[in-house]
Amino acid sequence: MNILEKNYWLETVAQPAIGSREDLPGRVDVAVVGGGFCGLSAARTLAMRGVRTVVLEAETLGWGASGRNGGMVLTGMKLPVPTLIGRYGRSMVRRMYAASLESIDLVERIVKDEGIECSFARCGHLEVACKKAHFEAYAAAAEEIKKEFNHELRIVGKSELRGEIGSDIYYGGMVDGASASVNPAQYVTGLAQAAQRAGACLYDHARVTSIKPQVIAGSRSLLLETARGKVSAKEVLLATGAYTTEATPGLRKKLIPVGSYIIATEPLPAELARELSPWNRMIYDSKHFLYYYRLTPDNRMLFGGRAAFFPESESTVRESAEILRRGMIEVYPQLAKTKVEFVWGGTLDFAIDVMPHAGKIDEMYFAMGFAGHGVAAATWMGAKLAGIICGDADDNPFSKISFPGAPMGLRSGNTWALPLAGAYYRVLDWVM
Ligand SMILES: Cc1cc2nc3c(=O)[nH]c(=O)nc-3n(C[C@H](O)[C@H](O)[C@H](O)COP(=O)(O)OP(=O)(O)OC[C@H]3O[C@@H](n4cnc5c(N)ncnc54)[C@H](O)[C@@H]3O)c2cc1C
């Protein structure tokens, strides 16, 4: 295969977001560490509310998961609703689910208000069942979601599935019309430019290497050392996701980094694209090691998966291309002769309980654990935390749940055990 090892989405960004070339200011109200959806959404809200804000990004703006994901703007959370209710109770899960729906509205509103050209569309998502038992569970899930959250999902039996997807390998599906699609690199670029317009100062290539509390003239602040100098901030928001470093060891200890990879084919003829995905839904399957796929606005099949349980590297990216191509052809034999043009990888931020978390750690605000739902959820959480920093009441359900640490072997930086965890989930897919 002659494939470009690069992120297809970046090819579609006309004007990348560029950080400030000026020196860092000595003092600010809030320093946001990390320039992805979460950090940039927070910075936009903070700046709009008149707060002096810097964003410190180690690489380029949007470099992390935000610029390289599948662009699926999804309702719900990673875990099934019955599991969530069992863990957190009905009323808490109602608030979480409402937040998930609100987060898609927020992305839509930002895109519209800021005039971001990123092909946002309410195309809905389709979950497809790899096993009969998975399909049988859909009806109960849809009923529970209707009852608890007054949100409608549609069950699609095997005989009608061809109206939703040009594949015969699944046992049925479930459609949620509220989910949306976006070009994530264009969206994160637009979000950065919106934050800049609102007055936030964005710095790229400004890796934060240490954060220490200090007291000057009786008032407490935090001193951040970066690759571009020092800055003092009254508050710090950690929005470093799966790429969290040793600069914040308390948060890093909680993180389980999971690699995920995507291929993109050459553009498909319009008729074939329509056959594969008549409504251009965001599609994912029901396995633990799931595949997720969609058409791009120029009709490429973008096919992702193969969580490798360790961060991406050149060799894992290369290996993944062939594995994903085989997976894609199992789903869509029609693509056997189609050229794969791009492959890239990224790292997802998981918490051990597979939930998003936010609040304070080591005297700093933080949000992480978005897993495969971060396009909408990280945007929402950033804006929510910004409001709380400005003094809004903390009604964030995700800051009310406990945030368990990752077991020693699975911690970020301790990745020897991650392939074992991967093997465990493969076994689950086999038996469940
Ligand atoms: C391959 C892939 C596919 C995905 N598909 C989807 C999808 O279809 N739908 C969905 O909802 N979610 C998806 N996700 C998840 C989603 O992309 C993330 O949850 C989301 O982007 C997280 O945003 P964030 O702002 O928290 O983190 P990120 O976008 O990862 O940003 C964190 C930033 O912090 C910076 N940073 C880290 N440490 C430091 C430091 N010390 N100093 C300065 N900067 C630092 C990093 O350079 C990085 O740019 C996918 C993720 C991957 C990897």
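First listed ligand is number 1; within each ligand, the first listed atom is number 1.
- Under the ring pair (Phe, Tyr, Trp, His ring centres under 6.0 Å) criterion, the residue pairs touching residues 96-118 are Tyr97-Phe149, Tyr97-His151, with sequence neighbours excluded.
- Using bins of under 30°, 30° to 60° and over 60° for the plane-to-plane angle, the ring pair Phe403/Phe366 lands in the parallel bin.
- For residues 55-64, the salt bridge (charged side-chain N to carboxylate O under 4.0 Å, His left out) pairs, not counting sequence neighbours, are Glu59-Arg207.
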Could you list each nitrogen or oxygen of ligand 1 that sits under 3.5 Å from a protein nitrogen or oxygen, with the atom names and the distance?
{"from": "ligand 1", "atom 1": "5 (N)", "to": "Gly70", "atom 2": "N", "distance (Å)": "3.0"}
{"from": "ligand 1", "atom 1": "8 (O)", "to": "Gly70", "atom 2": "N", "distance (Å)": "3.4"}
{"from": "ligand 1", "atom 1": "8 (O)", "to": "Gly71", "atom 2": "N", "distance (Å)": "3.4"}
{"from": "ligand 1", "atom 1": "8 (O)", "to": "Met72", "atom 2": "N", "distance (Å)": "3.1"}
{"from": "ligand 1", "atom 1": "9 (N)", "to": "Met72", "atom 2": "O", "distance (Å)": "2.8"}
{"from": "ligand 1", "atom 1": "9 (N)", "to": "Gly372", "atom 2": "O", "distance (Å)": "3.4"}
{"from": "ligand 1", "atom 1": "11 (O)", "to": "Met72", "atom 2": "O", "distance (Å)": "3.2"}
{"from": "ligand 1", "atom 1": "11 (O)", "to": "Gly372", "atom 2": "O", "distance (Å)": "3.2"}
{"from": "ligand 1", "atom 1": "11 (O)", "to": "Gly374", "atom 2": "N", "distance (Å)": "3.0"}
{"from": "ligand 1", "atom 1": "11 (O)", "to": "Val375", "atom 2": "N", "distance (Å)": "2.9"}
{"from": "ligand 1", "atom 1": "12 (N)", "to": "Gly372", "atom 2": "O", "distance (Å)": "3.1"}
{"from": "ligand 1", "atom 1": "12 (N)", "to": "Gly374", "atom 2": "N", "distance (Å)": "3.2"}
{"from": "ligand 1", "atom 1": "17 (O)", "to": "Ala65", "atom 2": "O", "distance (Å)": "3.3"}
{"from": "ligand 1", "atom 1": "17 (O)", "to": "Asn69", "atom 2": "ND2", "distance (Å)": "3.2"}
{"from": "ligand 1", "atom 1": "19 (O)", "to": "Ala371", "atom 2": "O", "distance (Å)": "3.3"}
{"from": "ligand 1", "atom 1": "21 (O)", "to": "Ser66", "atom 2": "N", "distance (Å)": "3.2"}
{"from": "ligand 1", "atom 1": "21 (O)", "to": "Ser66", "atom 2": "OG", "distance (Å)": "3.0"}
{"from": "ligand 1", "atom 1": "23 (O)", "to": "Ser66", "atom 2": "OG", "distance (Å)": "3.2"}
{"from": "ligand 1", "atom 1": "25 (O)", "to": "Phe37", "atom 2": "N", "distance (Å)": "3.2"}
{"from": "ligand 1", "atom 1": "25 (O)", "to": "Cys38", "atom 2": "N", "distance (Å)": "3.0"}
{"from": "ligand 1", "atom 1": "29 (O)", "to": "Ala65", "atom 2": "N", "distance (Å)": "3.4"}
{"from": "ligand 1", "atom 1": "29 (O)", "to": "Ser66", "atom 2": "N", "distance (Å)": "2.9"}
{"from": "ligand 1", "atom 1": "29 (O)", "to": "Ser66", "atom 2": "OG", "distance (Å)": "2.5"}
{"from": "ligand 1", "atom 1": "30 (O)", "to": "Ala65", "atom 2": "N", "distance (Å)": "3.0"}
{"from": "ligand 1", "atom 1": "38 (N)", "to": "Tyr243", "atom 2": "O", "distance (Å)": "3.3"}
{"from": "ligand 1", "atom 1": "41 (N)", "to": "Val208", "atom 2": "O", "distance (Å)": "3.1"}
{"from": "ligand 1", "atom 1": "41 (N)", "to": "Thr245", "atom 2": "OG1", "distance (Å)": "3.3"}
{"from": "ligand 1", "atom 1": "42 (N)", "to": "Val208", "atom 2": "N", "distance (Å)": "2.9"}
{"from": "ligand 1", "atom 1": "44 (N)", "to": "Ala58", "atom 2": "N", "distance (Å)": "3.0"}
{"from": "ligand 1", "atom 1": "47 (O)", "to": "Glu57", "atom 2": "OE2", "distance (Å)": "2.6"}
{"from": "ligand 1", "atom 1": "49 (O)", "to": "Glu57", "atom 2": "OE1", "distance (Å)": "2.7"}
{"from": "ligand 1", "atom 1": "49 (O)", "to": "Glu57", "atom 2": "OE2", "distance (Å)": "3.1"}
{"from": "ligand 1", "atom 1": "49 (O)", "to": "Gly64", "atom 2": "N", "distance (Å)": "3.2"}

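- Identified under the salt bridge (charged side-chain N to carboxylate O under 4.0 Å, His left out) test for residues 345-357, with sequence neighbours left out: none.
- Checked against the 6.0 Å centroid criterion, the rings of Tyr8 and Phe342 qualify as a close aromatic pair.
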Q: Just do the side chain to side chain donor-acceptor pair (under 3.5 Å) check on Ser399 and Asp394 with the steps written out, would you?
A: CA-CA 8 Å; Ser399 64; Asp394 184 356; 3.2 Å; yes

